[in-house]
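Beneath this line is the structure, given in structure tokens, with notes to follow.
Hydrogens, waters and symmetry mates play no part in the numbers below; they use all other heavy atoms, side chains included. All figures in this text were calculated on a predicted structure; none of them were measured in a lab. The residues of the chain are indexed from 1 along the displayed sequence.
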Amino acid sequence: MSIAMNRRAFVNGAVAVAGAAALSPVLAACGSGSSQSKGGTNTKKGAAAALPDYVPSTSVTPDIPSATGAAGAITDPGFLKYPTNPAKSVSGVPGSGGTYTTVTPLWGTTPPANNAFYQAMNKALGATLTMQPANGVTYNTAIPNLTAAKKLPDWVQLPGWWNPNFNLGGLVGTQLADLTPHLAGDKIKQYPNLAALPTGAWQAAMWEDKIYGIPTFSSGFALPGQYFYRADVFQAKGINPDDVKSADALMALGKELTSANSGVWAFDDVWQYTAQIFNYADKFAIVDGKLTYKYEQQEFLEALNWCYKLAKSGYMHPDALAGNNNDAKTRFYAGKVLITADGQGAWNEADAQAGIAASKGYRRGSFKPFSADGKATPALFLSSSAGMFSYLNIKLKPSQIEECLRIANFIAAPFGSQEYTLVNFGVEGVHYTMGANGPSYTKQGQAEVQQQTYPFLATPVNVINNPDFPDVTKDRCAWLAEAAKYAYKPVFWNMNITLPQRFTTALAAQAVEDTIKDVYHGIKPVSAFQDAVSTWKNSGGGDAMVRWYDSEVLQKYGTGQ
């Protein structure tokens with residue numbers, strides 16, 4: 001069983017709760033601010049001084065090594081099988097007898113308190129962590145109650161997409177401990193598994209030139225999502241997906257693939273990631289030396305116009321046109337749609353199993369990056385390197401912080417190591433049995449370990465592992481290696497920005513977003529979007545918000561690129 005599958009299951013649950021923007025938190029750190037916060041953003045000089053050194057782990061050797069791309073992108077390594085004879089990455093016992101309380105979110109059944117797995121972990125850690133998983137569905141309202149009462153636990157997970165709810169910019173340095181003295185520069189080498197996390201992940205964990213968070217579920221090459229196709233159907237039809245090198249070619253393929261009489265349409269809803277084809281900004285871009293919001297980019301207008309034409313073409317499934325995205329995967333598995341857009345995590349073993357159950361021979365593929373006109377070089381903006389972080393309580397003594405960091409170093413052991421196996425699968429013979437494809441949970445393991453808790457405190461960098469479907473790992477790693485060539489850092493990448501409360505409505509731009517949805521569903525013309533943007537700019541606070549970002553962030557701190 002792949003532990004990555006379990007992580008994806010939790011992420012999917014989180015997205016269902018927090019919304020589609022949950023894993024695209026470039027500006028998700030915006031909050032209401034506080035009198036003790038200067039805004040959260042880092043200076044270039046300050047960040048350089050505080051960032052930990054990056055030292056890749058050599059404890060475990062992947063079957064498919066990471067590939068280095070543009071803008072410092074490093075793809076997740078691939079494992080075709082679970083490592084045999086797991087290596088040990090931590091010497092000695094990390095703890096020194098301390099006792100700490102933790103709170104982490106959980107989207108699932110809560111494990112029994114003080115169970116055999118927790119006991120085994122505490123013995124291995126040399127410290128007592130009292131694990132207190134809380135309901136993930138209500139987590140965003142439970143945490144503010146703790147912060148208001150100043151009763152945060154010693155160690156807590158605070159997902160980045162809820163930073164506004166938590167007012168994280170007001171918590172750093174007041175209730176959350178500064179980890180910079182322990183991790184900056186080469187100090188992190190005391191914790192080699194933490195040193196192996198991507199630099200960008202630590203940057204996303206910084207506020208005002210200081211490190212506060214410990215990144216979890218991080219990646220050196222994170223994208224919002226990508227475009228997929230039914231590779232098995234394409235092959236049967238003799239279609240070479242590499243021939244699709246422009247938006248026009250993609251539209252033309254829609255005509256070839258659609259057979260409404262047979263109940264087959266080429267496309268599901270594909271608007272969400274059109275930036276990867278048309279190269280408009282995640283949110284902000286510098287155009288002719290001026291900070292510009294994506295709504296005002298010509299490329300954004302071109303993408304919306306293309307999707308409007310798609311909606312009117314007859315090549316898009318009627319349910320997708322009606323906004324029914326809940327059944328998108330079912331349509332894809334059944335071959336009712338052959339091209340879809342989805343998050344990176346959709347390409348995995350669970351997907352292959354579900355697809356094959358619906359359509360024998362099912363295989364997911366992903367188009368190589370291409371530009372709208374087929375001439376320009378593709379450009380893929382990076383998502384935040386990490387979207388979840390754990391924090392230590394400011395009340396802890398320096399020696400306690402160091403003990404917790406040693407424990408975090410143990411929990412963040414690389415995939416397939418002895419420590420990783422314990423953290424993610426428990427005790428062999430009790431919580432799992434080891435088979436040809438790696439550990440499989442026993443009934444006790446399903447109850448005590450499978451609903452994960454410790455990985456919300458620390459994790460190694462993400463890996464790609466689909467033991468029953470090695471071709472999925474090969475395909476995905478190959479695509480990532482190709483796509484990483486076109487990576488770039490968007491404006492304000494990995495920057496934590498505390499936005500004044502008066503601009504939160506303008507940032508949400510709900511009226512504009514609703515109009516965009518109507519346009520790409522073919523309900524309203526593109527001119528309706530232009531009218532909505534004009535209103536947003538003038539009476540909706542859009543222009544004022546952009547001016548604030550320009551004067552208070554861009555001019556003072558730069559772009560983060």
Side-chain angles (χ1 to χ4, degrees), residues 64 78 225-274 276-278 306-307 309-321 327-342 344 346-349 351-378 380 464 466 468-483 485-486:
I64 304 175
Q226 60 198 95
Y227 289 101
F228 296 103
Y229 60 87
R230 281 289 299 269
D232 54 315
V233 176
F234 275 39
Q235 183 177 15
K237 289 180 175 291
I239 297 171
N240 183 358
D242 294 346
D243 290 339
V244 178
K245 297 180 180 179
S246 69
D248 287 345
L250 185 61
M251 184 75 77
L253 184 59
K255 181 178 181 180
E256 180 179 352
L257 293 174
T258 298
S259 177
N261 290 335
S262 301
V264 177
W265 286 263
F267 295 97
D268 212 289
D269 193 334
V270 295
W271 161 256
Q272 191 171 4
Y273 307 121
T274 48
Q276 294 184 353
I277 300 173
F278 289 87
W306 186 87
C307 281
K309 291 179 180 178
L310 175 61
K312 294 295 189 181
S313 68
Y315 308 152
M316 191 170 171
H317 195 285
D319 287 351
L321 279 174
D327 294 330
K329 280 186 168 61
T330 300
R331 294 191 290 267
F332 190 64
Y333 293 150
K336 300 299 182 182
V337 296
L338 303 176
I339 299 172
T340 191
D342 211 334
Q344 284 188 290
W347 207 354
N348 58 42
E349 181 168 306
D351 172 79
Q353 291 169 337
I356 290 171
S359 301
K360 188 177 180 180
Y362 170 89
R363 188 165 183 174
R364 182 183 290 263
S366 185
F367 293 101
K368 290 182 179 179
F370 59 88
S371 61
D373 64 4
K375 299 177 183 178
T377 301
L380 309 179
I464 301 171
N466 305 282
D468 291 323
F469 293 87
D471 284 343
V472 172
T473 298
K474 293 176 183 177
D475 290 348
R476 189 174 172 193
C477 286
W479 187 90
L480 289 170
E482 173 66 19
K485 300 174 184 176
Y486 308 109

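- No hydrogens or angles considered: nothing links the side chains of Asn261 and Ser259 as a donor-acceptor pair under 3.5 Å.
- Separation of atoms CZ (Phe267) and CE (Met251) is listed at 6.5 Å; rounding is to 0.5 Å.
- Here the shortest heavy-atom pairing between Leu321 and Ala311 reads CD2-CB, 3.6 Å.
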Criterion side chain to side chain contact (heavy atoms under 4.5 Å, CB included) on Phe332 and Arg230, from CA distance to verdict: CA-CA 8 Å; Phe332 190 64; Arg230 281 289 299 269; 3.6 Å; yes
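- Annotation for Lys336 and Gly263: closest pair CD-O, 3.1 Å, computed over non-hydrogen atoms.
- The only option from Trp265, Phe234, Tyr315 that meets the side chain to side chain contact (heavy atoms under 4.5 Å, CB included) definition with Leu257 turns out to be Phe234.
- With a 4.5 Å cut-off on side-chain heavy atoms, Thr340 and Arg331 do not count as touching.
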Verdict with reasoning, Val270 to Met316, per side chain to side chain contact (heavy atoms under 4.5 Å, CB included): CA-CA 9 Å; Val270 295; Met316 191 170 171; over 6 Å; no
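- Here the straight-line distance linking atom CG of Asp319 with atom CG of Asp269 works out to 12.0 Å at 0.5 Å rounding.
- For Phe367 against Pro241, the heavy-atom pair with the smallest separation is CD2-O, 3.8 Å.
- Atoms CZ and CG, on Phe370 and Asp242 in that order, are 11.0 Å from each other to the nearest 0.5 Å.
- Here the shortest heavy-atom pairing between Ser366 and Tyr227 reads OG-O, 2.7 Å.
- In this structure a side-chain-to-backbone donor-acceptor pair under 3.5 Å is missing from Glu256 to Ala266.
- Atom CG of Leu310 is separated from atom CG of Leu250 by 8.0 Å, given to the nearest 0.5 angstrom.
- In this structure the side chain of Gln344 reaches within 4.5 angstrom of the side chain of Leu480, judged on heavy atoms.
- For the pair Pro369 and Pro378, the tightest heavy-atom approach, listed with the atom from each and the gap, is O-CG, 3.6 Å.
- Without hydrogens or angle criteria, Ser246 side chain to Asp373 main chain gives no donor-acceptor distance under 3.5 Å.
- In this pair, Phe228 and Trp347 present their aromatic rings perpendicular. The plane angle is above 60°, beyond the 30 to 60° band.
- Of the candidates Asp475, Asp351, Asp342, Arg364 forms a side chain to side chain donor-acceptor pair (under 3.5 Å) with just one, namely Asp351.
- Note: Ile464 CD1 to Glu349 CD = 13.5 Å, rounded to the nearest 0.5 Å.
- Nearest heavy atoms, Cys307 versus Thr274: SG-CG2, 3.7 Å.
- Distance check: Arg476 CZ to Phe469 CZ gives 15.5 Å after rounding to the nearest 0.5 Å.
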